[in-house]
Undergrad: 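If you scroll down you'll find the structure; I have some questions about it.
Counting starts at 1 for both ligands and their atoms, following the listed order. We use all heavy atoms of the structure for the numbers below, so side chains are in, but hydrogens, waters and symmetry mates are not. Nothing fancy with the numbering, it's 1 onward along the sequence.
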Amino acid sequence: MSKENPRAIHLKDYRVPPFLIDQTELHFELGEKATLVKSRLQMRRNPASGELDAPLELDGDADLTLRRLVLDGKDLAPGDYLLESDTLRLDGLPEQFVLECVTLIKPQENTSLEGLYKSNGMFCTQCEAEGFRKITYYLDRPDVMARFTTTVVADKDDYPVLLSNGNPVEEGEVSEGRHFVTWEDPFPKPAYLFALVAGNLERVEDSFTTASGREVALRLFVEPQNLDKCDHAIRSLKKAMAWDEEVYGREYDLDIFMIVAVDHFNMGAMENKGLNIFNSSCVLAKPETTTDSAFERIESIVAHEYFHNWSGNRVTCRDWFQLSLKEGFTVFRDAEFSADMGSRTVKRIEDVTLLRTAQFAEDGGPMAHPVRPASYIEISNFYTLTVYEKGAEVVRMIHTLLGPEQFRAGSDLYFARHDGQAVTTDDFVAAMEEASGVDLGQFRRWYEQAGTPRLQVSDAYDADAKRYTLNVKQSCPPSPGQDRKAPFHIPLAVGLLDAEGRDIPLKDGATTQVLHLAESEQQFHFDNVPCKPVPSLLRGFSAPVKLSYPYSRDELVFLMSHDSDGFNRWDAGQQLAVAIIEELIVDYRAGRELKLDQRLVQAYRQLLADTGLDPAMVAKMLVLPSESYLSELAETVDVEAIHRVREFVRRTLATELRDLLLEVYRRNRSDGPYTLAAEAIARRRLQNQSLGYLMALEEKEVLALAQNQFENADNMTDAQAALSLIAHSGFEAEAAAALDAFYQRWQADTLVVNQWFTTQATTPRDNALETVRALMDHEAFELANPNRVRALIGAFCSQNPVQFHRADGEGYRFLADRVIELDRLNPQIASRLLTPLTRWRKYPPELSAQMQAQLQRVLAVEELSRDCYEVVSKSLA
Ligand code: TRP
Ligand code: ZN
């Protein structure tokens with residue numbers, strides 16, 4: 001860093017804004033060289049603020065050029081205000097006034113993708129969290145809510161479509177082939193929900209009739225070549241609208257709901273009022289180019305952004321420390337929606353896998369922070385798995401503690417009480433508490449304390465008294481700034497299985513009981529237990545904790561086939577595989593011969609042979625714990641050992657179960673035309689899982705199966721699965737040929753090309769880094785496009801552990817080079833790429849030293865962004 005280091009912002013310093021904005025009128029003159037932005041703000045002093053003669057401090061940005069400032073109709077001279085690089089200050093203002101401001105900006109030079117920028121020739125905005133200040137001087141904070149009227153003026157041929165929030169109220173032509181549209185949004189909103197789009201876009205139109213009979217126009221705007229990829233998003237949107245009415249009683253509130261797809265986007269999508277803007281990868285889909293997983297992801301993101309209309313827009317955040325108020329709640333809502341649309345258990349398995357792999361790692365690393373952080377340097381760094389996924393788990397626990405009816409009552413009270421307001425996570429919890437009468441006092445610690453709690457469970461059975469006792473100890477490791485943790489209120493869902501694997505009836509005849517942990521050690525008694533049971537603990541993953549109980553491998557096998565809780569049946573399989581792999585890692589490091597525990601082979605054999613099982617569950621249960629998850633569990637990560645042992649287990653399973661795998665592959669091979677039905681998706685997963693194991697055999701015969709599937713697939717799920725298996729196999733010539741053919745076929749489709757980059761970046765081959773370096777010069781690579789960066793650089797550094805962590809440290813140097821390069825273009829993306837380096841404490845000394853050295857290199861960069869400065873300095877601290 002060059003100047004002094006950036007300063008942290010603290011929650012405890014929150015003050016209500018001294019000024020409010022009632023009405024915001026914006027006028028954009030979009031141009032090829034520059035864009036002129038005129039704003040007219042009706043402002044007044046905030047009666048709730050104690051600072052009666054406070055100066056007005058508007059947020060701005062070094063890239064804004066101030067052209068004119070007018071107070072109540074009078075032009076101000078430079079001596080009348082104080083202009084600093086990112087603030088504009090005015091003193092001695094009256095009770096109320098109108099401030100007009102003209103700024104000049106250069107969207108075509110804006111590579112940060114925050115504020116107003118251009119993507120493939122179209123203008124678009126991204127204002128969350130603090131991008132609006134790159135458009136004009138403003139009170140850019142979520143507790144300042146105004147009614148917006150926006151006029152967009154642009155060349156009519158190049159930008160026939162001009163959009164902003166709300167409803168169009170006027171349009172017309174102006175001189176020199178230019179036209180305009182004026183939009184009015186009747187709902188007061190913070191600036192982060194503002195949006196503008198101008199481009200040459202095609203549109204797909206549909207409509208939705210709300211429960212109360214209002215007709216809403218649904219419009220999806222895309223570049224012309226993407227018109228055939230809109231159906232799925234529209235269908236998903238309509239399902240989400242109906243679901244929110246049914247489950248939460250929430251209707252849409254404007255006459256138009258618009259979605260725009262753009263190629264250059266920092267995140268997944270953005271919930272701007274009435275005008276959602278999506279990363280094209282999170283909205284566009286058709287079977288030939290889109291995998292099943294991507295279809296599912298799109299459905300959930302479309303729903304997520306739609307759900308924000310209530311959880312985020314109608315009721316918004318008071319300040320950015322409250323981000324999880326909208327994100328945690330909305331992720332919980334979209335997860336429940338997806339669970340209702342498909343398989344609840346499979347959805348839960350997927351979410352918990354992400355949480356345990358990536359969020360637990362975050363919570364145990366140098367950037368660990370509470371769901372409601374107490375301070376930040378750059379808020380963009382806090383759009384994290386903790387705020388989103390752990391935040392959703394916290395809402396889920398409230399749901400568990402209250403039960404569905406009381407939870408709905410709490411949500412009704414929350415929306416009714418706070419509609420139109422900017423509030424806190426505490427307001428949310430208070431509404432839940434008041435509507436249900438459940439005391440959530442201690443529960444609030446989930447918002448305040450970082451770190452993943454540990455539960456240590458032991459048990460005892462008294463045969464004479466027929467009494468079973470669980471003893472539970474909880475603890476939570478220290479995290480930055482929090483050495484000691486107070487006990488959490490944890491809902492622990494348990495069941496007890498008898499020797500036949502049946503649920504033993506518990507209190508009130510229920511088979512699952514939710515225990516309330518509140519102390520650091522507690523005992524729970526179960527009476528009338530006829531025999532010593534096998535406990536099924538943390539059913540449905542009822543709390544985001546790490547639980548340990550001394551299961552024997554036989555007990556895990558037993559739970560795998562008998563637990564009535566589908567999630568725990570899957571988890572027993574995971575625990576069994578983890579135990580076996582961890583023991584083999586010890587053997588591998590000691591140079592002993594590796595021998596696979598036959599219990600795993602037997603368990604897999606049963607899964608494959610039993611045609612009565614749900615194929616979706618079988619497909620999930622056949623997935624071994626990932627290298628990242630095994631790394632998260634390890635004290636010190638031995639990247640090489642984890643990779644070798646996991647490959648050994650895969651190959652051994654394939655060898656022992658070869659015929660069965662072939663049969664399952666053939667049986668589940670899609671015959672009819674492609675459909676997105678859950679059953680069809682499950683079969684494709686099972687088919688491709690089987691093929692994956694078989695490919696570990698490195699047999700020509702299996703290669704031929706994969707090649708045949710690759711060449712004849714009518715859908716991307718099968719084509720992509722075969723491609724990556726061939727590309728990552730030992731058959732080098734065939735791998736090269738398949739990658740080549742794939743590019744030739746799909747080069748015009750940027751989303752498919754992203755997958756092509758990722759497939760190569762994740763190869764286990766020793767030339768992976770060289771391949772990635774070479775691909776950076778490929779005609780299709782573009783450093784200014786975050787999807788490309790994630791597909792190639794991000795995938796290599798975070799999804800290819802063996803190659804990224806090569807002993808010579810070249811992987812680390814490569815990442816630091818890219819971060820330094822990208823930081824000048826797009827600090828948000830640069831900062832996110834850093835994550836794998838920040839985990840240096842988990843690696844052996846040789847690697848760890850090289851990782852730190854690269855972080856030091858980044859820290860030494862002059863003019864390093866606040867984004868990267870925060871991540872690097874905190875991870876080295
Ligand atoms: N609010 C968006 C969501 O639904 C997140 C988001 C989109 C975002 N674009 C962003 C956050 C840019 C920060 C910067 O999750
Ligand atoms: Zn969101």
Side-chain angles (χ1 to χ4, degrees), residues 110-117 119 124-135 140 142 165 189-197 236-237 240 244 259-283 297-317 320-338 354 371 373 376-392 395 425 786-787 789-790 826-832 865-867 870-871:
N110 179 359
T111 56
S112 71
L113 314 189
E114 282 187 284
L116 181 64
Y117 63 93
S119 172
C124 61
T125 54
Q126 171 53 41
C127 294
E128 188 179 4
E130 299 181 332
F132 193 78
R133 61 188 63 186
K134 299 180 87 165
I135 294 173
D140 190 7
N165 318 84
K189 65 168 177 289
Y192 85 86
L193 291 172
F194 169 79
L196 174 158
V197 169
S236 303
L237 175 60
D244 213 16
I259 292 179
V260 182
V262 305
D263 275 340
H264 296 70
F265 204 71
N266 282 348
M267 304 271 282
M270 180 62 212
E271 70 264 25
N272 315 298
K273 184 75 185 187
L275 178 54
N276 289 358
I277 299 182
F278 273 63
N279 185 324
S280 53
S281 72
C282 297
V283 57
R297 190 155 168 265
I298 288 166
E299 182 180 80
S300 80
I301 297 177
V302 167
H304 177 101
E305 305 311 330
Y306 173 73
F307 295 155
H308 268 315
N309 191 55
W310 275 97
S311 49
N313 302 1
R314 288 290 287 260
V315 181
T316 195
C317 302
W320 292 119
F321 298 102
Q322 318 300 327
L323 182 57
S324 197
L325 173 79
K326 72 178 178 82
E327 296 305 345
F329 189 20
T330 305
V331 171
F332 171 70
R333 278 151 55 68
D334 83 54
E336 285 296 293
F337 164 74
S338 298
L354 173 68
V371 169
Y376 59 77
I377 292 177
E378 169 53 59
I379 187 57
S380 302
N381 285 328
F382 286 77
Y383 286 74
T384 59
L385 290 150
T386 299
V387 165
Y388 277 66
E389 314 304 323
K390 186 178 182 179
V395 175
T425 54
N787 287 353
V789 171
R790 284 184 280 253
N826 188 329
Q828 284 182 12
I829 298 300
S831 156
R832 273 171 193 275
S865 67
R866 263 189 304 166
D867 310 60
E870 176 167 42
V871 171

Undergrad: For residues Val283 and Ala261, report the shortest heavy-atom separation together with the two atoms involved.
TA: CG1-CB, 3.7 Å
Undergrad: Quick test: of every protein heavy atom, which one is nearest to atom 13 (C) of ligand 1, and how far off is it to 0.1 Å?
TA: Glu128 O, 3.7 Å
Undergrad: Going by the angle between their ring planes, with limits at 30° and 60°, are Tyr192 and Trp320 parallel, tilted or perpendicular?
TA: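 The rings of Tyr192 and Trp320 stand perpendicular, inter-plane angle above 60°.
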Undergrad: Nearest to atom 7 (C) of ligand 1 by heavy atom, Gly268, Ala269, Gly131, Cys282: which?
TA: Ala269
Undergrad: Between Ser280 and Asp263, do the side chains contain an N or O donor and an N or O acceptor separated by less than 3.5 Å?
TA: yes
Undergrad: Going by atom types alone, do Gln828 and Asn266 pair a side-chain donor with an acceptor below 3.5 Å?
TA: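 The criterion, which ignores hydrogens and geometry beyond distance, is satisfied for Asn266 and Gln828.
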Undergrad: Angle between ring planes, Tyr376 versus Phe382, binned at 30° and 60°: parallel, tilted or perpendicular?
TA: tilted
Undergrad: Would Glu271 count as a contact for the Zn ion (ligand 2), in the sense that one of its N, O or S atoms lies under 2.8 Å from it?
TA: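 Under 2.8 Å: Glu271 has no N, O or S contact with the Zn ion (ligand 2).
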Undergrad: Nearest to atom 8 (C) of ligand 1, what protein heavy atom do you find, and at what distance?
TA: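 Atom 8 (C) of ligand 1 sits closest to the protein heavy atom Met267 CG, 3.5 Å.
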Undergrad: Taking Ser324 as the fixed residue, which of Val331, Thr330, Val371, Thr384 is the one that meets the side-chain contact (heavy atoms from CB on, under 4.5 Å) rule?
TA: Val371
Undergrad: Given the ring of Phe329, does Arg333 sit roughly above its face, with NZ or CZ under 6.0 Å from the centre of the six-membered ring and within 45° of the axis?
TA: yes
Undergrad: Is Glu271 in polar range of ligand 1, meaning some N or O pair under 3.5 Å apart?
TA: yes
Undergrad: At the Zn ion (ligand 2), what's the angle from His308 NE2 to His304 NE2, rounded to 10 degrees?
TA: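 That angle works out to 100° after rounding to 10°.
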Undergrad: Residue-level breakdown please: for Ser380 versus ligand 1, do any non-hydrogen atoms fall below 4.0 Å on the side chain, on the backbone, on both, or on neither?
TA: neither
Undergrad: Starting from atom 15 (O) of ligand 1, which protein heavy atom do you reach first, and at what distance in Å?
TA: Tyr388 OH, 2.6 Å
Undergrad: Which ligand 1 atoms, with their elements, are less than 4.0 angstrom from a heavy-atom of His304?
TA: 3 (C), 4 (O), 15 (O)
Undergrad: Looking only at distance, does Asn266 have an N or O less than 3.5 Å from an N or O of ligand 1?
TA: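 Not met; the criterion fails.
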Undergrad: Under a 3.5 Å cutoff, is there a donor and acceptor pairing between the side chains of Asn787 and Asn279?
TA: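 Result is yes, a qualifying pair exists.
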Undergrad: Should the proximity of Glu327 to ligand 1, defined as any heavy atom under 4.0 Å, be assigned to the side chain, the backbone, both, or neither?
TA: side chain
Undergrad: Run the numbers for me: atoms of ligand 1, each under 4.0 Å from some heavy atom of Lys326, listed by number.
TA: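 Answer for ligand 1: 1 (N).
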Undergrad: Nearest 0.5 Å, what's the CG-OH distance between Leu323 and Tyr383?
TA: 4.5 Å
Undergrad: With the Zn ion (ligand 2) as the point of reference, which N/O/S atom of Glu327 is the closest?
TA: OE1
Undergrad: Just which atoms of ligand 1 are under 4.0 Å from any heavy atom in Glu305?
TA: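 Close to Glu305: 3 (C), 4 (O).
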Undergrad: Pairs of nitrogen or oxygen atoms closer than 3.5 Å, one from Tyr383 and one from ligand 1: do any exist?
TA: no
Undergrad: Around atom CZ of Arg314, are there more than 12 heavy atoms of other residues, nucleotides or ligands at under 6.0 Å?
TA: yes
Undergrad: Taking 4.0 angstrom as the limit and counting only heavy atoms of Met270, give me the atoms of ligand 1 inside it, by number and element.
TA: 1 (N), 2 (C), 7 (C)
